[in-house]
Amino acid sequence: ASNEYLPVSAVRNVSRFLNRETDEFVWPDSPAGTWRIFRFGYVPKVFGWMGCYIDHMSKAAFDEHWKRVVVPLLGVLDEGERRALKAVQCDSWEAGTISWTDTFAEEFKRLHDYDLTPWLPVKAGVKLGVSGLSGRFRRDYNETVSTLIAENHYAYQKEVANRYGLLSIAEAAGPHQRQGDVRRMQGRCDVAMGEFWMPSPHRPTPPQRFMVRDAASAAHVYGIREVLAEAFTGRTHWTNYPEIMKPCADRSFCDGFTRTCFHGTYISPSLTDRPGDVYAWGTHYNPQNTWFEQSKAFNLYLSRCGWMLSQGRASMDCLLYAGDAINVFVGMKRPSDGLGTGYDYDICPTELLLRARVEDGEIVLPSGIRYKVLKFCDINPKRNNNLQSKPSIINCPPRQMFCPWTPLAGSTSTTPLSTPPYTARICLCITTSKVLSTTPKSSSIHIPSKRPPYPNRHTATPSTASMASITNLKATRLHPPSSG
């Protein structure tokens with residue numbers, strides 16, 4: 001039945017019966033019973049613009065990308081040009097959803113201390129263990145993706161860039177990253193970065209336009225001085241000018257933005273043609289603009305405000321904790337009803353909260369920033385077991401506020417349960433393509449070679465892909481059962 005939980009002991013890895021040369025699967029002397037055969041694999045992540053993305057969970061992939069893109073550039077710069085190059089920048093995440101890399105299984109075991117292989121059918125909708133354990137595996141899986149993106153892409157970009165005397169800037173705080181804690185990813189950069197837009201049909205409302213707050217929170221809690229922003233992005237050509245741009249900048253300053261990255265200034269072949277060549281997106285902030293010669297005062301205003309706001313340390317009232325914070329994206333400052341109007345806040349990743357201390361009735365993070373209140377974030381109310389090792393915070397003075405949440409149900413144990421015999425069994429096959437076949441009792445199971453179709457360009461980065469199953473691949477001589 002669809003609601004039946006199967007014991008993990010029912011899962012068998014039969015990858016050895018797949019002939020990787022012919023792509024045929026033959027399971028001789030298969031045990032009696034009804035078996036579901038899952039074949040998991042991965043394909044390159046392809047996007048509809050210009051081909052594949054790199055594998056964001058692999059340091060080896062980053063090294064290859066750096067060797068092909070940055071090293072040749074550094075090799076042709078003269079001394080003056082090299083001094084002018086200060087940083088490398090990674091733009092906003094637009095790589096869709098990724099779920100695998102060559103070393104994923106090993107990294108999962110390192111992070112969570114158990115083998116993910118027998119649990120992979122959960123990714124295809126199978127319920128394993130008891131209520132709560134399948135959900136716990138999915139969370140561990142998602143946390144592994146989040147950790148590998150943070151460490152093997154953003155942290156590693158900073159390590160490599162600094163090795164070459166460059167700063168690392170990344171718009172790691174969205175707006176499309178939904179697979180990790182964006183503040184944790186942003187904390188791996190030298191300069192945090194968000195973005196904000198001018199009003200346009202593409203992003204008409206303030207929550208759609210202002211996306212600086214997560215980068216600012218990361219800067220505050222990790223001790224990063226500057227918060228850069230992709231500024232004044234839009235798609236209303238030749239209609240923007242400083243009078244209507246200033247309120248957008250002011251709103252972003254209030255959200256924590258301190259330094260402008262104009263989107264955009266385009267290099268046009270001619271210095272005299274007006275308006276010259278422009279890109280489809282952004283405010284056209286270049287010398288060909290009719291008001292560019294009058295923009296000095298506005299530029300000075302942006303520079304002065306940004307410089308002043310980057311001095312000293314931010315002062316916030318409340319520290320919000322959102323558990324693993326996967327898919328928690330704030331965008332603009334919007335204090336929850338539980339916090340109340342007029343109070344400011346930051347969202348804190350688990351790794352920093354576990355290193356926090358209580359001093360004079362306030363919570364102090366390693367960066368030195370202090371908060372009078374700790375509140376469990378109602379955006380993502382789960383996983384409070386992270387704080388059990390922090391009695392100094394759990395037992396802090398009464399002024400600290402804790403709001404109730406719902407902990408994830410189920411045991412953390414992955415030991416197979418003692419349960420009555422099940423009539424169904426799950427057979428697991430790990431390969432490099434994707435197939436699902438359901439078969440009844442047989443003395444031998446044979447699935448002929450049949451390559452699955454290449455995934456849709458818009459749904460499927462090298463060495464990454466969503467795990468799924470392709471149905472209706474019929475095993476020879478066999479017929480799928482009517483249920484189970």
Side-chain angles (χ1 to χ4, degrees), residues 5-18 20 37-43 45 54-63 97-130 132-156 159 179-181 184-185 188 323-326 349-351 354 382-383 385-386 388-389 408 410-417 426-434 461-469:
Y5 283 88
L6 301 178
V8 181
S9 58
V11 179
R12 300 190 186 185
N13 190 341
V14 292
S15 300
R16 64 187 182 279
F17 298 125
L18 178 76
R20 296 173 184 269
I37 300 174
F38 292 87
R39 189 173 173 190
F40 292 95
Y42 62 92
V43 294
K45 182 69 180 183
I54 71 167
D55 183 348
H56 292 82
M57 294 191 283
S58 168
K59 290 183 179 181
F62 184 91
D63 284 336
T97 300
I98 63 175
S99 61
W100 195 259
T101 188
D102 290 338
T103 59
F104 192 90
E106 294 81 2
E107 294 287 357
F108 184 96
K109 186 172 179 61
R110 175 180 66 85
L111 293 169
H112 302 289
D113 201 30
Y114 69 95
D115 182 16
L116 91 165
T117 303
W119 292 90
L120 282 176
V122 172
K123 299 291 287 182
V126 178
K127 297 179 179 180
L128 292 177
V130 296
L133 287 187
S134 291
R136 194 171 295 275
F137 165 72
R138 284 191 291 268
R139 189 187 66 198
D140 290 344
Y141 194 100
N142 294 338
E143 285 187 343
T144 302
V145 174
S146 175
T147 298
L148 293 184
I149 295 174
E151 300 301 328
N152 293 351
H153 184 69
Y154 292 112
Y156 193 58
E159 177 185 333
Q179 288 190 274
D181 182 347
R184 184 183 180 194
M185 296 177 182
R188 269 65 180 167
D324 55 34
I326 293 173
T350 298
E351 63 182 5
L354 292 177
K382 60 185 178 181
R383 197 161 192 181
N385 55 303
N386 286 319
Q388 298 309 310
S389 62
L408 189 65
S411 168
T412 58
S413 172
T414 57
T415 305
L417 304 174
I426 296 174
C427 171
L428 180 69
C429 190
I430 311 295
T431 66
T432 55
S433 5
K434 303 184 288 186
T461 284
S463 301
T464 60
S466 297
M467 293 190 186
S469 301

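FYI, side chains are in, hydrogens and waters are out, and symmetry mates aren't considered; it's all heavy atoms of this structure. Just so we're clear, the structure is a prediction, and the values are computed from it rather than from any experiment.
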Please test D63 against Y156 for side chain to side chain contact (heavy atoms under 4.5 Å, CB included), starting from the C-alpha separation and ending with a verdict. CA-CA 9 Å; D63 284 336; Y156 193 58; 2.7 Å; yes
Quick one: closest heavy-atom pair of M185 and G180, and the distance? CE-CA, 3.6 Å
Where do E151 and K59 land on the salt bridge (Lys or Arg N to Asp or Glu O under 4.0 Å) test, with the steps shown first? CA-CA 9 Å; E151 300 301 328; K59 290 183 179 181; over 6 Å; no
For the pair E106 and K109, find out whether any cationic side-chain nitrogen is under 4.0 Å from an anionic carboxylate oxygen. no
Gap separating the OG1 atom of T101 from the CD atom of E107, nearest 0.5 angstrom: 8.5 Å
Can you name the closest pair of heavy atoms from P121 and P118 and give their distance? CD-O, 3.4 Å
How far does CG of L120 sit from CZ of F40, to the nearest 0.5 angstrom? 5.0 Å
Can you name the closest pair of heavy atoms from Y5 and G129 and give their distance? CB-O, 3.1 Å
Answer with yes or no after comparing the ring centroid distance for Y154 and F62 against a 6.0 Å cut-off, counting only values under it. no
Give the C-alpha distance, both sets of side-chain angles, the deciding distance and a yes or no for side chain to side chain contact (heavy atoms under 4.5 Å, CB included) between L133 and L128. CA-CA 7 Å; L133 287 187; L128 292 177; over 6 Å; no
Can you check whether N13's main-chain N or O pairs, donor with acceptor, with R16's side chain at less than 3.5 Å? yes
Working note: Y42 + D102, criterion side chain to side chain contact (heavy atoms under 4.5 Å, CB included); need CA distance, chi angles, decisive distance, verdict. CA-CA 9 Å; Y42 62 92; D102 290 338; 2.6 Å; yes
Determine the interplanar angle of the W119 and Y114 rings, folded into 0 to 90°, and report it as parallel if under 30°, tilted if 30 to 60°, perpendicular if over 60°. perpendicular
Is there a donor-acceptor contact under 3.5 Å linking the side chains of T147 and R184? yes
D140 backbone acceptor or donor facing H112 side chain under 3.5 Å: yes
Can you give me the closest heavy-atom contact between P349 and D181, atom names plus distance? CB-OD2, 3.5 Å
Worked check of side chain to side chain contact (heavy atoms under 4.5 Å, CB included) between L148 and H56: CA-CA 8 Å; L148 293 184; H56 292 82; over 6 Å; no
Taking atom types as modelled, find out whether N152 and S58 have a side-chain donor-acceptor pair closer than 3.5 angstrom. no
Do V145 and M57 come within less than 4.5 Å of each other through their side chains, counting heavy atoms only? yes
Which value, rounded to the nearest 0.5 Å, describes the distance between S15 atom OG and R20 atom CZ? 6.5 Å
Would you say T350's side chain and D324's backbone share a donor-acceptor pair under 3.5 angstrom? no
Could you report the tightest heavy-atom contact between Q179 and T97, atom names first, then the distance? OE1-CA, 3.2 Å
Identify the heavy atoms of Y141 and F104 that sit nearest to each other, and give their distance. CE1-CE2, 3.5 Å
